[in-house]
Amino acid sequence: MPRTSTDSNDVTTSTTEPEPFIPIAEPLLTGNELAYVTDCVKSSWVSSIGKYIPRFEEDFARFCNTKHGIATSNGTTALHLALVVSGIGQGDEVIIPTLTFVATANAITYTGAKPVFADSESRTWNLDPVDVKRKITPRTKAIIPVHLYGHPVDMDAINQIANEHQLAVIEDAAEAHGAEYKGRRVGGLGRIAAFSFYGNKIITTGEGGMLTTDDDELAEKARWLRDHGMSTTERYWHPVIGYNYRLTNLQAALGVAQMERVEEFISRKRALAELYRSELKNVPGITLPPEESWAKSVYWMYSILVGDEFGVTRDALMEHLKARGIDSRPFFHPIHTLPPYLNSQSLPVAERVARQGINLPSAVSLTDRSAQRVADAIREARR
Ligand SMILES: *Cc1c(COP(=O)(O)O)cnc(C)c1O
């Protein structure tokens, strides 16, 4: 059986019949991806002009129920651009959850502003609105809620705080394409939102990103700055310092093909979550991922917490899975514990969740049988 993941070490199982390696994630590219990419190559439209770019932007905006979609080179540049068009810069503070991928903080740092870290809620593992309130200072300009591992943030609470203090709300929806908050899709729940299409995300363009917004002015500014801020009336006249954050037609071709199957991908993620839930719900010491009554999670990464009662540590469980050919990931380190952002504050919920959390194999191509194997291996680790 060929290996399906390229980013983990070879694993030899001690069982008699070798079972296929189960990757944490892998893209599914078996639809029109090859046909559309071939079309780009044959027509020679391989750079950042071509029909697939506006098509991908329109398809994605429609999917999010937003007026605009602005494709970018990746999710980090989408976040950076969202901050720039929101007027965030030197001397400003932006509140984010400490429990997120480092790109959320880095995008803020690129603008000269300072990321301020808030704790997580123990129910949803997402940004805690109570702690957000405590972190507001006269310098605070924006909040970036992150829909972690596919579960939406309680956006009414965040938007209320933002309204009271006149702060911009920028959604980091990189892990949550299609997730719903009170029946509304993420991407249209704040002023502007950023998505990622990295290889392990819900849909992929290899590398890629997207901004979504209903705001005409922000959209226009983002399109302009994405392309070096060139004057629309005079060629090579650049009144500001812009960026090259463009997506290519080749990447957008992948995106259009992926969008044809996005609902199917989300259904599969949710079916896998249901399978994992029914298999793991009675295992002592295992906390299952949240799904609040007002939420539809897309379970980007099916994630569990390993508590003391499990009897085996989180890291030992990951080793146990690895020895059985099953890939997994620890949760992100809270960003306030990383060298560039190190500070002495204590954010106890995020620290505990980060210490106990594991992402389980969550590829849309994962079979029921493989998910069953993962669940069996977890239960077996206790003995
Ligand atoms: C993946 C991710 C990003 C960054 O996306 P890239 O496309 O890798 O730049 C940002 N925020 C979160 C929460 C992510 O998971």
Side-chain angles (χ1 to χ4, degrees), residues 46-50 53-54 56-57 60-61 66-96 100-116 137-144 146 162 166-174 187 190-198 205-252 255 335 340-341:
V46 294
S47 196
S48 51
I49 298 173
I53 298 161
F56 183 39
E57 292 179 329
F60 200 80
T66 56
K67 203 165 160 194
H68 305 281
I70 303 106
T72 61
S73 50
N74 59 59
T76 308
T77 55
L79 274 171
H80 182 217
L81 210 47
L83 287 155
V84 171
V85 300
S86 301
I88 309 300
Q90 197 75 42
D92 297 335
E93 293 179 357
V94 179
I95 300 174
I96 63 168
T100 178
F101 183 56
V102 71
T104 319
N106 287 349
I108 296 165
T109 305
Y110 302 158
T111 70
K114 184 182 146 197
V116 172
T137 75
R139 290 170 176 263
T140 310
K141 290 285 154 53
I143 308 172
I144 307 185
V146 181
Q166 284 160 2
L167 309 175
V169 173
I170 300 167
E171 289 174 82
D172 183 339
R191 190 179 290 175
I192 190 165
F195 288 84
S196 165
F197 308 118
Y198 180 64
T205 58
E207 295 274 2
M210 186 82 73
L211 289 171
T212 56
T213 184
D214 288 325
D215 188 311
D216 297 341
E217 219 173 293
L218 289 187
E220 193 188 353
K221 214 167 159 189
R223 285 182 194 288
W224 181 59
L225 289 175
R226 167 182 73 175
D227 192 15
H228 296 294
M230 185 161 71
S231 163
T232 49
T233 50
E234 190 178 342
R235 195 141 198 102
Y236 305 127
W237 183 255
H238 303 269
V240 295
I241 296 176
Y243 309 94
N244 174 0
Y245 284 173
R246 300 179 303 248
L247 189 78
T248 66
N249 198 44
L250 277 168
Q251 292 168 313
I335 299 182
Y341 297 109

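Here, residue 1 is the first one in the sequence, and each next residue gets the next number. Side chains are part of it too, since the values below use all heavy atoms of this structure and drop only hydrogens, waters and symmetry mates.
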**Asked** Donor-acceptor pair, W237 side chain versus M230 backbone, under 3.5 Å?
**Response** no
**Item:** Residues in side chain to side chain donor-acceptor pair (under 3.5 Å) contact with S47, at least two apart in sequence or another chain
**Value:** none
**Message:** Please evaluate residues T109 and Y341 with respect to the criterion side-chain hydrogen bond (donor to acceptor under 3.5 Å, both in side chains), reporting the C-alpha separation (whole Å), side-chain torsions for both, the decisive distance (0.1 Å), and the verdict.
**Reply:** CA-CA 10 Å; T109 305; Y341 297 109; 2.8 Å; yes
**Request:** For D214, check salt bridge (charged side-chain N to carboxylate O under 4.0 Å, His left out) against everything at least two apart and list the hits.
**Result:** none
**Atom pair CD1/CD1 of I108 and I96 - distance to nearest 0.5 Å** = 4.5 Å
**Asked** Can you pull the salt bridge (Lys or Arg N to Asp or Glu O under 4.0 Å) pairs that have at least one residue in residues 66-81, sequence neighbours excluded?
**Response** K67-D216
**Message:** Would you say that S86 contacts I170 through its side chain, given a criterion of any heavy-atom pair below 4.5 Å between the two side chains?
**Reply:** yes
**Message:** Please give me the minimum heavy-atom distance between A222 and L81, naming the atom from each residue.
**Reply:** O-CD2, 3.7 Å
**Residues, nucleotides or ligands: over 12 heavy atoms within 6.0 Å of E217 CD** = no
**Closest non-hydrogen atom pair, I88 against A113** = CG2-CB, 3.6 Å
**Request:** Please name the pair of heavy atoms, one in G50 and one in N249, separated by the smallest distance, quoted to 0.1 Å.
**Result:** C-OD1, 3.2 Å
**Request:** Identify the two heavy atoms, one from S231 and one from W224, that lie closest to each other, and give their separation to 0.1 Å.
**Result:** N-NE1, 4.2 Å
**Message:** Can a donor-acceptor pair be found, under 3.5 Å and without considering hydrogens, that links the side chain of H228 to the backbone of H238?
**Reply:** no
**Request:** Please confirm whether F60 and F197 have ring centers closer than 6.0 angstrom.
**Result:** yes
**Partners meeting side-chain contact (heavy atoms from CB on, under 4.5 Å) with A61 (sequence neighbours left out)** = T66
**Asked** With sequence neighbours left out, which residue pairs that include part of residues 68-86 fulfil the salt bridge (Lys or Arg N to Asp or Glu O under 4.0 Å) condition?
**Response** none
**Request:** Locate the shortest heavy-atom distance separating L79 from A107; write the atom from each residue and the value.
**Result:** CB-CB, 3.7 Å
**4.5 Å side-chain heavy-atom contact, I144 and L83** = yes
**Prompt:** When rounded to the nearest 0.5 angstrom, what is the spacing between OG1 in T104 and CG in D172?
**Reply:** 4.0 Å
**Item:** Evaluation steps, side-chain contact (heavy atoms from CB on, under 4.5 Å), between Y198 and E207
**Value:** CA-CA 5 Å; Y198 180 64; E207 295 274 2; 3.9 Å; yes
**Asked** Do side-chain atoms of E171 reach the backbone of G190 as a donor and acceptor pair under 3.5 angstrom?
**Response** yes
**Request:** Drop me the distance from I53's CD1 to L250's CG, to the nearest 0.5 angstrom.
**Result:** 9.0 Å
**Request:** Mind checking side chain to side chain donor-acceptor pair (under 3.5 Å) for R191 and listing every partner two or more places apart, or none if nothing turns up?
**Result:** none
**Prompt:** side-chain contact (heavy atoms from CB on, under 4.5 Å) with Q90: which residues, sequence neighbours excluded?
**Reply:** none
**Request:** Using the salt bridge (Lys or Arg N to Asp or Glu O under 4.0 Å) rule, collect all pairs that involve residues 220-230, keeping only residues at least two apart or in two chains.
**Result:** E57-R223, E57-R226, D227-R246
**Prompt:** Is T140 close to L167 at the side-chain level, that is, under 4.5 Å between some pair of heavy atoms?
**Reply:** yes
**Fill in**
Sorted by chain and number, sequence neighbours left out, salt bridge (charged side-chain N to carboxylate O under 4.0 Å, His left out) with K141 holds for D92
**Item:** Distance, nearest 0.5 Å, that separates CG of L218 from CD1 of I70
**Value:** 8.5 Å
**Message:** Go through it in stages, so that I can follow the logic: the residues are D215 and I192, the test is side-chain contact (heavy atoms from CB on, under 4.5 Å), and I'd like the CA-CA distance, side-chain angles, deciding distance and then a yes or no.
**Reply:** CA-CA 8 Å; D215 188 311; I192 190 165; over 6 Å; no
**Request:** Not counting sequence neighbours, which residues clear side chain to side chain donor-acceptor pair (under 3.5 Å) with K114? List them please.
**Result:** none
**Message:** Less than 4.5 Å apart, side chain to side chain, heavy atoms only: is that true for F56 and M210?
**Reply:** yes
**Request:** Please identify each residue that fulfils side-chain contact (heavy atoms from CB on, under 4.5 Å) with T77, with sequence neighbours left out.
**Result:** T72, S73, N74, Y245
**Request:** Could I get the full list of side chain to side chain donor-acceptor pair (under 3.5 Å) partners for N244, not counting sequence neighbours?
**Result:** none
